[in-house]
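In the text below, chain A, chain B and the rest are named by the order of the sequence lines, each starting its count at 1.
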Amino acid sequence: MLEEIREKLKSQFELESESYDTNMLLVKCDRNQLRDLMKFLKENGFNYPHTVSVVDYTPKGEGFQANYVLENLNSKKFVMVRVSIPEEDLTVPTVSDIFPPLQPHEREAWEMFGVEFIGNPRLEVMLLPEWAEGWFPLRKSYDFKKHRKPSKEKK
Amino acid sequence: MEAKDALKIPFEATKKVIRVTKALFAPKATEIWWDKGIKRELHYRGKHIINAELCIGCSMCARACPVNCIDMVPTGVKKPRAVPKVRANECIFCGLCEDACPTKPEKAIKLTDHYSMILEDVTWDKLTEYTFEPENLDEALEKAKKMEELLEKKKQEALKKKQQAQQAKAKAEAGKEKPLAEKKPQQEGKPQKETKGEE
Amino acid sequence: MEAWIKAIFFPGFLFLLVVFLGIFYMERKILADVHLRTGPYYVGKWGILQTTADVFKLLQKEFIIQRRANKLLFSLIPFVAFLMVAALIAFIPFSEHSYIVSTSFDLLVVLALVTGMPPVFFYAGWASKSKYSFIGGLRVVNQMISGEIPLWLSALAAAVFYGTLNHLQIVHESSWLGFFILLPAFLIFVTATLIVTDRPPFDIPEAEQEIVYGFLTEFGGFNYAILVLSKLIELFALYSVAVVLFLGGFKGPVLPGIVWFFIKIFGLYLFTFVVRASTPRIRMDQLLRFCWKVLTPLALLNLAFIILVKMFIS
Amino acid sequence: MGNSISLAGYTFVVEETKEISGEDLGLLQEKLLQLNWGVQHPASGPMRLKVWVDGDEVVKVDPDIGYVLRLLEKLVEYRTWQNAIVNVERACFIDNFGTMTGYSIAAEKIADVELPKKADYVRTILCEGGRIVSHLIGLGSFVGVMGVHTPMQWALIAREKFLDAFEVYSGQRIATASIVPGGVRFEPTGKFIEKMVSAVDFLEKEFIPRYAEVFIDNPTLKIRSQGIGVVPKEKAIELGLAGPALRASGVASDVRKDYPYAAYGELDFKVVTKEEGDAYARYLVIWEELIESAKIIRQAIEGLPEGEWRTKFPIKVPAGEAYVNVEWARGCFGFHLVSDGGTGPYRLKMRAPSFANLWAMPEMMKNVKLADVPVIFASLYMCHGDIDR
């Protein structure tokens with residue numbers, strides 16, 4: 001199953017893929033290829049999305065990285081699609097219209113990392129309080145001591 | 001709800017109501033422990049007990065603590081350079097400090113089965129001051145000091161002996177110049193003195 | 001005995017207060033028994049003073065009125081509700097002589113007063129100006145009106161059978177034959193009572209998980225205590241009527257009348273509590289369908305049956 | 001006070017401080033009532049559901065979450081490999097073994113540590129114990145939203161026995177912190193096994209018959225929950241449901257069977273699925289999984305091998321990453337763990353099943369009655385700690 005997908009990816013998208021785990025395939029792709037790739041994967045049975053996991057590699061000088069994890073519920077196989085995002089331009093095309101369940105995950109990633117998912121219908125603050133918008137706490141550069149809850153007494 | 005079920009449902013529901021009455025005669029599950037006190041299992045993770053005599057002051061527990069609630073308090077003596085002090089209101093009683101403690105066979109920091117931690121007239125300051133400290137710290141410090149003194153004495157003695165020996169040597173050197181003959185008796189003498197000191 | 005002494009002491013207010021404390025305690029204990037718990041335990045012997053303590057706690061509480069609430073109505077409603085249901089008790093003969101008033105239209109008054117309750121509860125919800133209270137108030141009206149039709153019809157069945165509306169006379173004329181003939185009416189009456197007094201599984205107006213506490217949400221302290229007490233009295237009065245109409249009232253061998261009366265009431269309450277412990281709450285539309293499509297036709301049929309029986313007997 | 005509606009002679013203020021815009025404003029202009037089903041509400045837990053109702057019909061539901069946000073994913077970055085478990089287990093207290101197991105497996109994969117067999121078996125026993133504990137609460141709270149508290153009380157009695165066993169094992173009842181990378185922390189003593197067996201005995205001999213007699217096949221429960229919140233098979237995958245909710249729609253997705261971890265590959269159990277996909281089916285899935293879990297525990301205890309229960313886990317783990325799924329009580333929990341060669345995790349992403357279920361819920365709550373909102377909410381079997389993390 002995974003070999004098949006690997007072949008197809010090579011012929012259709014000219015993408016190299018490596019095996020990530022015993023039953024997972026890792027595909028590294030470019031930002032503008034992402035939507036086509038996701039559509040292709042959905043047509044090929046990987047229709048159950050797990051999550052969007054953004055990793056902050058800025059201290060290592062590699063920008064950000066978004067990992068989309070998809071599962072094929074019939075053949076029980078995974079595909080992880082990896083997109084790297086440069087620090088200067090934190091935008092990724094959204095896949096929330098292809099995979100509706102990923103919409104809140106993208107929203108969370110936007111809230112926590114500041115990665116903008118272009119086309120996502122609802123990039124609002126979800127988990128953080130409203131006054132904490134734009135803090136991006138999961139970034140490595142986030143400083144706990146700088147951000148304190150504004151207390152009412154000090155007003 | 002269809003017409004067929006209209007009477008069936010109340011009937012079935014009544015059956016369930018009658019079945020539930022069985023529970024009225026079943027034994028109760030509540031245990032009344034107010035007067036008896038709770039019996040805790042052997043390694044219940046409660047209050048810390050810190051044994052300052054065993055502690056080697058390595059601060060492994062402070063590093064292992066996930067909430068950073070262990071402070072290493074400097075003691076002023078050398079052997080345990082610092083002993084752990086647990087801030088009780090921050091502790092989550094995970095027991096990872098106990099895992100990390102390297103002393104064998106008995107751990108210097110241990111979680112006991114004492115769970116009662118009631119503070120009366122509690123204020124925030126009191127709460128932050130509530131800590132688990134080594135109970136035998138004074139004794140341990142005394143012991144450590146004694147040990148240190150002993151060591152110091154030994155050192156001093158050793159030093160003195162060295163000095164004496166050196167003086168003797170210097171004298172001997174000053175008196176006679178026979179290095180080979182001079183050294184041999186000294187080497188024989190040293191172990192004799194050490195055995196004396198031990199006795 | 002003078003009527004006012006009766007009203008205050010023996011079958012009246014103070015006596016009933018003790019009875020309700022007992023019933024509340026009983027509810028807790030029986031529910032605890034079904035849950036396999038112990039229930040109240042520490043206050044007094046077997047926790048018997050727990051309910052009393054709770055009542056005193058409620059009386060101590062601050063009198064809170066919501067900022068936007070209709071203040072007059074909000075503080076008045078509990079007392080109106082209480083007076084309306086307290087009047088019910090006057091017509092119930094607990095034994096041969098312990099009753100406050102006895103007229104020739106006892107049953108009619110009781111039913112009329114019960115029918116008057118929905119608007120009171122609706123205004124309680126309306127006056128507190130909270131969304132939950134408002135929805136609760138609407139639900140109360142919806143539910144009580146659909147429950148009162150079978151209640152009336154089944155109560156009237158008994159009245160038709162005995163040919164009188166006087167409670168005492170009904171008790172005196174009751175017999176085993178009457179009990180069996182009126183059994184369907186009794187079942188309908190008890191079900192309708194549960195609906196009218198919104199007891200589980202018909203506690204839709206105060207469905208905790210949907211609308212917090214229905215029309216009682218904004219009430220607290222003394223107001224709350226009075227409102228809850230009036231709901232309890234309503235249930236108690238209706239059960240007493242059920243005992244009088246269908247179970248032979250204070251009649252019974254050996255023991256004094258009042259004891260028999262309370263034994264019967266206890267049985268009905270036990271049933272209520274066990275139902276509460278085992279039957280999930282149903283939805284509003286299901287309840288309405290049940291009331292109008294099942295209970296009301298059954299009550300009508302039962303009334304027709306009683307009339308037929310009455311014709312044959314006489 | 002622009003955001004208000006007049007109904008029945010007086011004004012309801014919707015929200016005083018916040019300006020309303022977009023779709024919500026449209027709903028307001030249509031004179032729909034917004035109920036705040038939550039934060040301080042008997043059945044909601046620490047979250048808010050904005051429920052727009054038209055009479056008794058629900059028009060739109062919008063969850064507002066974040067009330068128990070602890071930023072666990074960030075906190076883990078400040079921990080060592082060993083003590084990060086206390087953050088991971090707090091994703092949800094009720095079944096903490098599943099999350100700890102997932103994290104540990106991920107860490108072991110990166111560090112390439114081989115586990116002793118006994119650790120695998122003990123993990124299995126603990127995970128299933130946690131699942132039972134969680135499912136018991138799920139059963140109780142599902143019937144609890146319909147006003148009956150008996151199931152919860154009965155379930156808590158059975159739960160107590162398992163918590164006793166956990167206490168014997170780890171020293172704590174709820175926050176056990178007992179599974180670490182490299183095995184399990186404590187020795188599974190004979191007393192623990194004894195307690196576990198007695199707990200399973202109690203569950204099978206006392207709780208299950210007593211509960212099944214009254215609250216399974218209960219007619220009023222059925223009319224409340226059958227046909228409510230129906231999700232067909234395709235729709236369930238499209239909405240991304242997880243765990244028991246997914247299985248109740250007929251999708252046999254169970255990580256324990258599909259990608260066996262711990263000792264699940266060697267044990268015999270079946271994946272419970274139901275075809276109906278409604279609230280009652282979800283309730284039954286939880287119920288049958290409870291019975292199934294008891295069997296797994298018995299098997300695992302029988303097959304418990306001798307030997308070590310913990311191996312040495314390196315202080316510094318080489319750079320690498322792993323994505324590991326575990327079947328947690330509330331569904332498939334994913335861990336994306338990244339290491340940069342340091343003494344602690346570089347990044348941990350937790351894929352929470354409850355989060356997925358929560359955002360599928362608004363779709364399911366269209367055109368239902370107000371009274372169905374808590375039923376659907378409880379049937380999805382979510383944990384608030386898990387949603388917010």
Side-chain angles (χ1 to χ4, degrees), chain B residues 1-2 4-31 33 38-48 60-70 90-100 110-115, chain D residues 75-76 78-80 82-90 148 150-151 153-154 156-161 164-178 180 185-187 189 191-192 195 202 206-207 209-223 310 315 343-344:
Chain B
M1 203 162 34
E2 288 170 27
K4 220 196 323 181
D5 300 338
L7 279 174
K8 215 176 88 190
I9 286 170
F11 181 69
E12 290 278 312
T14 320
K15 256 199 206 155
K16 300 283 179 192
V17 169
I18 293 163
R19 282 211 186 130
V20 117
T21 50
K22 262 190 187 175
L24 283 173
F25 310 105
K28 304 266 182 301
T30 318
E31 288 167 28
W33 53 267
I38 319 171
K39 213 181 92 216
R40 282 292 170 220
E41 296 306 333
L42 190 64
H43 64 239
Y44 178 77
R45 303 208 300 255
K47 252 178 177 171
H48 293 247
M60 286 288 271
C61 48
R63 231 173 288 161
C65 182
V67 289
N68 292 334
C69 73
I70 302 182
E90 287 170 36
C91 183
I92 56 170
F93 301 97
C94 61
L96 284 165
C97 46
E98 190 184 340
D99 278 21
K110 255 198 313 196
L111 273 70
T112 56
D113 58 346
H114 294 287
Y115 51 85
Chain D
L75 289 175
V76 163
Y78 293 81
R79 305 273 172 271
T80 63
Q82 293 283 342
N83 67 24
I85 53 161
V86 300
N87 288 125
V88 174
E89 75 170 337
R90 275 160 179 75
V148 182
T150 321
Q153 299 291 344
W154 288 359
L156 285 178
I157 293 166
R159 180 173 178 259
E160 249 353 69
K161 313 276 175 203
D164 281 347
F166 296 157
E167 190 186 336
V168 170
Y169 176 66
S170 73
Q172 289 284 12
R173 300 169 77 76
I174 293 172
T176 51
S178 56
V180 285
R185 256 179 77 190
F186 306 101
E187 185 190 358
T189 51
K191 202 172 177 200
F192 161 62
K195 275 263 182 189
F202 182 86
E206 301 236 351
F207 174 76
R210 186 194 291 150
Y211 193 92
E213 232 175 6
V214 186
F215 293 107
I216 299 298
D217 212 25
N218 190 317
T220 22
L221 186 69
K222 268 179 168 171
I223 62 167
R310 188 175 179 178
I315 290 172
T343 53

Give every residue pair that meets the side chain to side chain donor-acceptor pair (under 3.5 Å) criterion with at least one member in residues 20-29 of chain B, sequence neighbours excluded.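 Passing the test, one end in residues 20-29 of chain B: B/K22-D/E213, B/K28-C/D33.
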Given the options B/C94, B/C65, B/A29, which has more heavy-atom pairs under 4.5 Å with chain D than any of the others?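 Most pairs with chain D among the choices: B/C94.
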Does D/Y169 have any ring-ring contact (aromatic ring centres under 6.0 Å, His included) partners at least two apart in sequence or in another chain, and if so, which? D/F186, D/F192
Using non-hydrogen atoms and a 4.5 Å limit, figure out which bit of D/I216 sits close to chain B: side chain, backbone, both or neither.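 For D/I216, backbone heavy atoms alone lie under 4.5 Å from chain B.
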Sort D/V86 into side chain, backbone, both or neither according to what part of it lies under 4.5 angstrom from a heavy atom of chain B.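 It is the side chain, since no backbone atom gets that close.
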Only pairs of heavy atoms separated by less than 4.5 Å count here; which of D/L221, D/T176, D/N87, D/I85 has the most with chain B?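 So the answer, after comparing D/L221, D/T176, D/N87, D/I85, is D/T176.
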Between D/T80, D/L156, D/N218, D/L75, which shows the greatest number of heavy-atom pairs under 4.5 Å with chain B? D/N218
B/L24 atom CG, over 12 foreign heavy atoms within 6.0 Å: yes
Just by distance, do the side chain of D/Q82 and the backbone of B/A64 share a donor-acceptor pair under 3.5 Å? no
Please give me the minimum heavy-atom distance between D/P219 and B/A13, naming the atom from each residue.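 Shortest heavy-atom contact: CG-N, 3.4 Å.
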